[in-house]
Amino acid sequence: NMKGAIKTLLSISSAANGLKNVLRSTFEDVKSLDKSFAEMTTRLEEITKILENGDCSLEESIKLYDEGKKLSAACSELLEKAKQKIEVVK
């Protein structure tokens with residue numbers, strides 16, 4: 001039946017376009033996450049060096065430590081989001 005075949009092809013085409021859009025969106029999201037992750041890990045490295053050198057006051061060390069904890073948690077969250085997006089694509 002020609003109508004049935006055309007309907008099936010249209011359905012397959014629609015599904016393929018939907019998957020293409022999901023993949024494109026996921027790729028853009030992962031690129032954005034990667035940039036944010038890189039910026040945060042760079043700052044974590046800076047904080048680590050400052051704290052290792054011991055060239056700051058106790059008060060400043062505590063502030064840097066708190067900032068590092070927040071950055072570490074944010075990095076973990078970004079990694080989890082990336083993992084979830086990859087799982088969706090699988």
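For residues 46-58, the set of pairs meeting the side-chain hydrogen bond (donor to acceptor under 3.5 Å, both in side chains) definition, not counting sequence neighbours, comprises Arg43-Glu46.
To the nearest 0.5 angstrom, Glu77 atom CD is 8.5 Å from Met40 atom CE. Glu67 CD to Leu51 CG: the interatomic distance, rounded to the nearest 0.5 Å, is 10.0 Å.
Of all non-hydrogen atoms in Leu79 and Phe37, the two that sit nearest each other are CG-CE1, 3.7 Å. The two residues Cys75 and Thr41 come nearest to each other via the heavy atoms SG-CG2, 4.0 Å. Of all heavy-atom pairs spanning Cys56 and Leu64, the tightest one is SG-CD1, 4.1 Å.
Taking 4.5 Å as the limit, some side-chain heavy atom of Ile47 sits within range of a side-chain heavy atom of Leu71.
Every residue was checked against the side-chain contact (heavy atoms from CB on, under 4.5 Å) condition with Ser72, not counting sequence neighbours, and none meets it. For Glu80, the side-chain contact (heavy atoms from CB on, under 4.5 Å) partners two or more places apart in sequence, or in a different chain, are Lys83, Gln84. For Lys63, the side-chain contact (heavy atoms from CB on, under 4.5 Å) partners two or more places apart in sequence, or in a different chain, are Glu59, Glu60.
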